[in-house]
Amino acid sequence: HSNRRRTQNRQTDNQAFATAKDCVKIARCLFLTALTMNPINDAGQLLITFIFGFIVFLFLLRILLQLCRVDFRTPIAQFVATLTNPVTIPLSRLIPRVGRLDTPAALVLLIAKWLELILLWVTAGVTLNVGGAALWAVAEILDLTVTVFMFAIVIQIILSWVSPMGGDPLTSTLRQLTAPILVPLRNLIPPVGMFDLSPMVAILALLLTRTLITAPMVSAGAQLALGG
């Protein structure tokens with residue numbers, strides 16, 4: 001028994017050492033990046049983050065609006081469709097949709113996020129593992145999806161206080177976007193007086209999803225991309 005315990009303790013120590021070694025490697029890359037920063041690199045990274053961040057958000061929103069069956073006659077949906085149709089319509093002739101998933105938009109979304117990560121680290125003087133960067137991009141997209149739903153619910157709560165009738169296009173779009181999450185919760189959780197507790201429960205569930213699922217996925221993807 002004592003030998004088995006020593007072996008288990010040794011394995012635990014080795015795993016902890018490997019994890020600490022990966023963290024040190026990432027910290028070293030970040031430290032070297034900070035040392036080599038200059039105004040030109042800062043400006044380049046700012047442009048990369050802004051341009052690709054906008055593209056990623058736009059195509060992710062297009063996918064979520066379709067998956068949640070949001071009415072595309074609303075101004076927000078029309079805005080998204082106007083900016084993304086020139087890319088997705090030609091691609092749809094080559095790449096078929098899968099159910100309600102807009103496959104061309106998903107492909108553009110993944111490529112845009114992958115390029116953003118590659119370019120950001122290239123400007124910092126660090127070359128990423130291509131396959132690891134792709135997995136990192138997927139994890140970042142999933143994390144952003146959770147964040148979009150959280151902010152959509154928070155904005156919807158604020159608008160319900162400001163405009164209880166909720167007849168404006170933004171409220172209508174947010175209500176349809178968050179319906180796949182809030183409607184099942186409303187069926188399970190009865191209101192307390194005049195208060196609907198389902199948005200708070202949904203936000204808590206999304207926060208736990210980020211903490212327990214998407215954040216570790218992002219960390220693992222970063223380690224793979226950085227060669228950890």
Side-chain angles (χ1 to χ4, degrees), residues 15-64 66-67 80 83-84 86-88 90-92 94-98 101-151 206-228:
Q15 291 175 354
F17 178 75
T19 303
K21 186 178 179 181
D22 291 336
C23 293
V24 169
K25 185 178 290 186
I26 293 176
R28 181 174 176 271
C29 289
L30 294 174
F31 178 71
L32 292 175
T33 299
L35 289 179
T36 56
M37 281 292 182
N38 58 59
I40 296 178
N41 281 347
D42 288 345
Q45 290 192 345
L46 179 63
L47 286 174
I48 292 170
T49 302
F50 178 81
I51 294 172
F52 282 93
F54 179 72
I55 294 172
V56 166
F57 178 74
L58 199 64
F59 280 90
L60 176 61
L61 192 57
R62 177 189 176 94
I63 293 170
L64 294 180
Q66 292 179 340
L67 290 176
V80 172
L83 293 181
T84 57
V87 178
T88 57
L91 283 177
S92 63
L94 303 173
I95 306 171
R97 295 172 60 95
V98 179
L101 176 62
D102 191 341
T103 315
L107 179 62
V108 174
L109 170 64
L110 178 59
I111 292 174
K113 189 63 189 180
W114 179 77
L115 283 175
E116 179 187 1
L117 293 174
I118 293 289
L119 292 175
L120 280 175
W121 284 90
V122 165
T123 56
V126 178
T127 302
L128 296 182
N129 177 281
V130 175
L135 294 176
W136 191 4
V138 172
E140 289 278 2
I141 290 169
L142 293 176
D143 189 67
L144 179 60
T145 302
V146 175
T147 303
V148 167
F149 278 115
M150 278 198 304
F151 275 97
L206 290 169
L207 285 171
L208 289 174
T209 300
R210 285 199 70 190
T211 302
L212 300 176
I213 300 177
T214 59
M217 289 177 63
V218 170
S219 178
Q223 290 182 16
L224 287 172
L226 291 169

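Heads up: numbering here begins at 1 and tracks the sequence. Just so you know, these numbers use all the heavy atoms, side chains as well, and skip hydrogens, waters and symmetry mates.
Closest non-hydrogen pair, Ala133 versus Leu117, comes out as O-CD1, 3.8 Å. Shown here for Asn129 and Gly132, the closest heavy-atom pair between the two residues is OD1-N, 2.7 Å. Across every non-hydrogen atom of Ile95 and Pro104, the tightest pair is O-CG, 3.6 Å. Listed here is the closest heavy atom pair of Val56 and Lys113: CG2-N, 3.7 Å.
A heavy-atom distance below 4.5 Å is found between the side chains of Leu226 and Leu128. A heavy-atom distance below 4.5 Å is not found between the side chains of Asp102 and Phe59. Residues Met217 and Asp143 have side chains not in contact (no heavy-atom distance under 4.5 Å, counting atoms from C-beta outward). Under the 4.5 Å side-chain criterion, counting only non-hydrogen atoms from C-beta, Thr209 is not in contact with Phe149. For the pair Val130/Trp114, a side-chain contact is recorded, criterion being any heavy-atom separation below 4.5 Å from C-beta on.
Looking at Thr211, its side chain does come within 3.5 Å of a backbone N or O of Leu207 through a donor-acceptor pair. One N or O on the side chain of Thr103 and one on the backbone of Val98 form a donor-acceptor pair closer than 3.5 Å.
Atoms CD1 and CD, from Ile111 and Glu116 in turn, are 14.0 Å apart once rounded to the nearest 0.5 Å. Atom CD of Glu140 is separated from atom CG of Leu60 by 12.0 Å, given to the nearest 0.5 angstrom. Atom CD1 of Ile55 and atom OG1 of Thr84 lie 11.5 Å apart (nearest 0.5 Å). To the nearest 0.5 angstrom, Phe151 atom CZ is 11.5 Å from Leu206 atom CG. From Trp136, atom CH2 reaches atom CG of Leu224 across 10.5 Å, with rounding to the nearest 0.5 Å. Interatomic distance, Thr145 OG1 to Met150 CE, rounded to the nearest 0.5 Å: 11.0 Å.
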Worksheet item: After noting the C-alpha distance and the side-chain angles of Leu120 and Phe52, does the key distance pass the side-chain contact (heavy atoms from CB on, under 4.5 Å) rule?
Response: CA-CA 10 Å; Leu120 280 175; Phe52 282 93; over 6 Å; no
